[in-house]
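Working notes for the structure below.
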Amino acid sequence: MAAREKFHIGEPEEVDLLTCPICLETFDSDQRKPRSLQCLHTFCHGCLQDFSANKRTLECPTCRHETALPSQGVKGLPHNFWISNIAQASKPASTANADRKDGDICRIHPEKEVIFLCDRCDVLVCGECVASTHRGHPMTLVSDVLQQKTAEVENVVRACQKHAMQCVEAIETVEKVESDLDSQRGEIVAKIIETREATIANIDAKERELRHEVEQKHADKSQGFAGCKQRLIQIMDQLVNGIHLAGEAMEKKDIQAMMAITTSLESALLVDTRKALAAVPLSDDVSIGLKFVPSETVYGNIQLGRLKLSTDTKDDGDERRRKQDKEKDQGNKNNVPKEVDFTVHRIGRTGGRDGEFKTPQGVCTSGSCCFVVDSGNKRVQALESGGLTGGLFASCRSFSIGWSFWDLLMLSQSSWQPHDVANSNDSVYVTDVQHNVIRQFSTNGNYCGQFGRDMVAKPRYIAVDPNDNAVIVADKDVREVGIYLSSGASYNKFSIVGAPAGISVDKKGQIIISMEGSSNLSVYSRDGQLIRMTYTEVGAMPCRSCTDQVGNVVVVDSRLKRVLLLESGRRAHARVLLSEEHGLRAPWGVAVVHDGILVSDSEQNCLFYVRRKIPAGV
C-alpha cells in the first residue's frame, strides 16, 4: 500500500488525502467522486474515466496493481465513503454568520437588536433589556462571545478531524490483517486439498495393486479347472455317442455290435470317466488362497493430518510417543468395563443347512426360542432350546438345540426377501423388502398372512410394543413410522427427521429410533412427538437396538463395529459389550435374552451370544 496520506484539517499545505493524486482537485460528490481500486488507492471518477480509455483492466497509477473493471466500467468501482465524509466535514463553515451584524433581533423587543449576552441568565439581550429586566446583571458584548465560541468550535472540529484520520488508519490496518488471514487460510486449505488428492491417489494405486494380485491368483487357480472341465465335456460327448450306438445295436439286435460297444465302454470310456470325476475338486475344498483384511483406517477414520498451533515447536516425536501409548492402552479404548464378567460364544457357520446362515440380519427372542432372519437363504430360522432361560448358554458345546427352519414354499423362496423380525407372545412379524409388506407367522412357523401396504410404503425395520403387541415399522426411504394393531389394522403414522437405521420399543411404549449419520437415539411417543435425544458416544453410529426389563438400551454401533450398553438412569458414556476384540466384524441385529444378548454378524454368517453377570438387568 502507498505511504499513508497526511490529514491535518486547518493546514491546507498538508492536506492531500482529500485531493485526487492525478488532477490534484478536491474530491466532491459529482465528477470528482472518490473511487477505490482493488489495491485500495483512491482517485477521482473523472481521472479514472479518462485513464481507463475503455479498457477491461485498469493499472493503478501509484502501485501498478491491475484492477479488473466491472461491467459498468468506472461507475462500478467502489465509492470511498470515508474520504467523501471527511471531505464534507472539512469544508469551511458558512460565512453567513461572519457577515451578520453584531446582534440579532431581540425576542422581547423585536424592534431592537441584541448587543449583549447576559452572563447570569445566559441569553442574548438588547439595550432596553439591560436597562429593565437584566439591570445590574454582568454583560458581555456579542462580538466577544462570537469570537470565543468560534474558537471553541474550531478546537472541537480539529479534534474530531484528528480522530477521523486515526479511524481511517485503523480501518486500513484491519483490512491488511483480514487480507493476511485470508492468504493464510488459502494456503492451509490448499495443502489439505493437496494431501487429500494424494491420499486418494495412493488408495487408488493400492486398489489397482490388490485387484491385480487377486486377478492373478484367480487366473492361476482357474487354469487347472479349465482343462478339467474341457476333458469332462469330451467324455460326456463320447458317453452320449456310445449310449446312442448301444441303443441302435439293441434296436437292430446286432450281437457283435453290442459286444464291441460294451467292451469299448467298459475298457475306455468308463475308466476315463472315473479318472476325470476323481480329479474334480470338492466345492468346499476350493479356495482362491487370499482374504481381504480392511485397514483400520478405512471406515470413517482416515487421517489426512492434524492442525497444531504455529507456536508449537515440539518435535513430532511427541506425537509418535502418544500414539504408542494409545496402542498400549488399546484394551481400554472401547471402554470395556473390567468389573463386568461375561463370556462370548459363537453360534453357527456359513451354509444353507439347518443352523447355518448366509447374511443373518434381524433377530428377536421369545422365551426359549430365538428367531433369526437368514437373508441370504431367504428364510427365517427358529433356534429352539429348552435351556435358554435356564442358562444352558454357558458354553457352546452345552447348547442343546433342536435346529429347525420355516418351510416357506407357499411363498416360493425367490419370491420374498426377509429383512428384519420382531415377535409378540403368539406371533412373529417379518419385513419383506422385496414386496414391501409385513408377513405374519405363528410362533411355530405357520404363515398367517401379510399387511402394511396401506400405510407405510416400504417397511424395513420392525418392533413390537410389549404392552399391547402393537407392531411398529420404519420406512427408510420416505422417513416415516407406521403403527399397526396386533390384528394388522392401521393405527397411526408420523414422519421423522432422518433416515431410520433401526427401531425398538421400551417397556413404557416409547419408540426408540436410530438415524443414519447420527450419534444419538431419538425417542418418540406413539403420536409422533419427539420426547428426547439420547447421546451414545463420540464417533458412534447406532443402528439396530433393543431394551430389557429395567430400561437399559443395547445398541449396535455399525461404524465402530461394536455393541453398546446404555444403562437406564445414568448419563455416563456407553459401555462396550462386544467389539472386534471378541471377533465381531459386521454386527446387524441384536436381541436381549434372559442373561445376555444375541447379536447377528452378517459378514461372518454367525451369531454371537454374550452372557453377562453385571448389571443383573441384562
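Only heavy atoms go into these numbers, but all of them, side chains included; no hydrogens, no water, no symmetry mates.
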Contact between [X] and [Y] at the side-chain level, heavy atoms closer than 4.5 Å - yes or no?
X: Phe43; Y: Leu37; result: yes
X: Arg544; Y: Tyr461; result: yes
X: Val473; Y: Ile503; result: no
X: Gln49; Y: Val74; result: yes
X: Gln510; Y: Arg532; result: yes
X: Asp122; Y: Leu117; result: yes
X: Lys378; Y: Gln417; result: yes
X: Leu584; Y: Arg562; result: no

Between the main-chain N or O of [Y] and the side-chain N or O of [X], is there a donor-acceptor pair closer than 3.5 Å?
X: Asp432; Y: Ile438; result: no
X: Asp420; Y: Ile462; result: yes
X: Gln604; Y: Gly583; result: yes
X: Ser600; Y: Gly589; result: yes
X: Arg35; Y: Leu77; result: yes
X: Thr431; Y: Arg460; result: yes
X: Ser514; Y: Gly502; result: yes

What verdict does the side-chain hydrogen bond (donor to acceptor under 3.5 Å, both in side chains) test give for Thr42 and Ser36, after you've listed the backbone C-alpha separation in whole Å, the side-chain angles of each residue and the deciding distance to 0.1 Å? CA-CA 4 Å; Thr42 302; Ser36 295; 3.3 Å; yes
Ser519 side, atom OG; Met533 side, atom CE - distance, nearest 0.5 Å: 10.0 Å
Are Arg211 and Glu207 within salt-bridge range, i.e. N to O under 4.0 Å?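 Counted as a salt bridge, because a side-chain N and a carboxylate O are separated by less than 4.0 Å.
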Sequence neighbours left out, what pairs pass salt bridge (charged side-chain N to carboxylate O under 4.0 Å, His left out) with at least one residue falling in residues 511-529?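 Salt bridge (charged side-chain N to carboxylate O under 4.0 Å, His left out) check on residues 511-529 returns Asp465-Arg526, Asp468-Arg526, Lys476-Glu516.
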Name all residues meeting the salt bridge (charged side-chain N to carboxylate O under 4.0 Å, His left out) criterion together with Arg64; count only those two or more places apart in sequence or in a different chain, and write none if there are none.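 With sequence neighbours excluded, Arg64 shows a salt bridge (charged side-chain N to carboxylate O under 4.0 Å, His left out) to Glu59, given in chain and number order.
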Neighbour count >12 (heavy atoms, 6.0 Å) for atom CD, Gln147: no
